[in-house]
Amino acid sequence: MEKIHSSFVNCTTNLNIPEDTVHYEQITVTGNLTVKDPMYKRNLLCLMQSMHIAKPTGDIDMSNMREFLRDGHDEKSLGEMLEICVKTAKGATPEEKAYQFHQCFWSQDKFVAFFTPQQVEFAKKLSADCEAEVGDGLPDNIGERFRMGDLTLTDDKSKCYMRCIFGKVNFLDPETGAINKETLALKLAKGSTQEKAERFAVRCGSFEGANACEKAHGLYECYFTKKDEYFA
């Protein structure tokens, strides 16, 4: 995880990407499939090249990519994913090739329907960042309880922690609490069908809470009380 972070920092600096732009690091490691701007694609290619998992042409270095992803994944699923995702559109630029691999990787349901060790570490970092942002008064073990779907997290501090987490992974607008239904459906489709994920996003994607924290809690509660209807 540290290698990914340091590579992002170097690429952001070398490409003169403004620090106040969308958080490309979070987008990449959480599988946000909605960002398509050219600057992000250049950053992604730079990252993959600096980690030696992509060549200057944008083509994937199979050996290094396999080694990078080996922890937490069985060899059969890993091989199947690579066979599918290394194929890119004819005539694609290096940036497009890196981007197409990223899109394909995060769209492989059987491969990414569980957390890799890197994703677990990123979730812990998100939790630590949001605990610091919300401040004192959060319940003990908020991160673990949040991940396990603890429905007793109904205090105001916990609700604002949820707003912070969901905002950082682009599930909602952290200022208004408006649910990003497209991103929500894309992420949840990895463990189900696209049609079910879209129906869930409609059902759980609109809340009339007093503020963004209330709306985030509504999404959290809806997911953990209704998910078996859509993702069992």
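Only heavy atoms go into these numbers, but all of them, side chains included; no hydrogens, no water, no symmetry mates.
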Interatomic distance, Leu138 atom CG to Cys130 atom SG [nearest 0.5 angstrom]: 9.5 Å
Which pair of non-hydrogen atoms, one from Thr176 and one from Ala212, has the smallest distance, and what is that distance? C-CB, 3.9 Å
Side chain proximity check, Phe171 to Ile165, heavy atoms < 4.5 angstrom: no
Does Asp150 use its side chain to pair, donor to acceptor, with the backbone of Phe146 at less than 3.5 Å? no
Does a donor on one side chain and an acceptor on the other come within less than 3.5 Å for Ser63 and Glu67? no
Start with the C-alpha distance between Ile142 and Ser158, add both sets of side-chain angles, then the distance that settles side chain to side chain contact (heavy atoms under 4.5 Å, CB included), and finish with yes or no. CA-CA 8 Å; Ile142 179 71; Ser158 292; 3.7 Å; yes
Between Arg203 and Glu198, does any side-chain N to carboxylate O distance fall below 4.0 Å? no
What pairs with Thr154 under side chain to side chain contact (heavy atoms under 4.5 Å, CB included), at least two apart in sequence or on another chain? His217
Heavy-atom distance under 4.5 Å between the side chains of Glu95 and Pro38, does that happen here? no
Do Met48 and Met65 come close enough that some side-chain heavy atom pair is under 4.5 Å? yes
Ring centroid separation Tyr220 to Tyr161 under 6.0 Å: no
Salt bridge Asp59-Lys97, side-chain N to carboxylate O under 4.0 Å: yes
One should read off an interatomic distance between Leu82 CG and Phe105 CZ, to the nearest 0.5 angstrom, of 9.0 Å
Rounded to the nearest 0.5 Å, how far does CD of Glu133 lie from SG of Cys164? 4.0 Å
Considering non-hydrogen atoms only, spot the tightest contact between Gly143 and Glu131 and give its length. N-OE2, 4.4 Å
Side chain to side chain contact (heavy atoms under 4.5 Å, CB included) between Phe166 and Leu219, intermediate numbers included: CA-CA 9 Å; Phe166 290 153; Leu219 174 61; 3.9 Å; yes
Which atom names give the shortest non-hydrogen contact between Leu47 and Cys11, and what distance separates them? N-SG, 3.4 Å
Report the distance from atom CD of Glu96 to atom CG of Leu44, rounding to the nearest 0.5 Å. 10.5 Å
Got a donor-acceptor contact below 3.5 angstrom from the Asn180 side chain to the Leu172 backbone? no
In one Ile/Leu/Val/Met/Phe/Trp/Tyr side-chain cluster, 4.5 Å: Val202, Phe200: no
Is there a salt bridge (charged side-chain N to carboxylate O under 4.0 Å, His left out) between Asp129 and Lys125? Walk through the geometry before answering. CA-CA 6 Å; Asp129 289 347; Lys125 182 180 184 301; 3.1 Å; yes
Could you check whether any side-chain heavy atom of Ile53 comes within less than 4.5 Å of a side-chain heavy atom of Asp61, counting everything from C-beta outward? no
Answer yes if Phe224 and Leu184 sit in the same cluster of Ile, Leu, Val, Met, Phe, Trp and Tyr residues linked by side chain heavy atoms under 4.5 Å apart, and no otherwise. yes
The test is side chain to side chain contact (heavy atoms under 4.5 Å, CB included); show your working for Asp156 and Cys213 and say whether it passes. CA-CA 8 Å; Asp156 289 343; Cys213 298; over 6 Å; no
Distance-minimising heavy-atom pair for Val134 and Lys157: O-NZ, 3.1 Å
For Pro139 against Arg145, the heavy-atom pair lying closest together: CB-NH1, 3.4 Å
Decide yes or no for Ile84 and Cys104: does some side-chain heavy atom of the first lie under 4.5 Å from some side-chain heavy atom of the second? yes
Do the side chains of Leu153 and Met162 get nearer than 4.5 Å, heavy atoms only? yes
Is a salt bridge present between Lys159 and Asp155, judged by a nitrogen-to-oxygen distance below 4.0 Å? no
Restricting to non-hydrogen atoms, name the atom on Leu45 and the atom on Lys55 that form the minimum distance, rounded to 0.1 Å. CD1-O, 4.4 Å
Nearest-0.5 Å distance, SG of residue Cys85 to NE2 of residue His102: 11.0 Å
Measuring from atom CZ of Arg66 to atom CE of Met81, what distance do you get when rounded to the nearest 0.5 angstrom? 8.5 Å
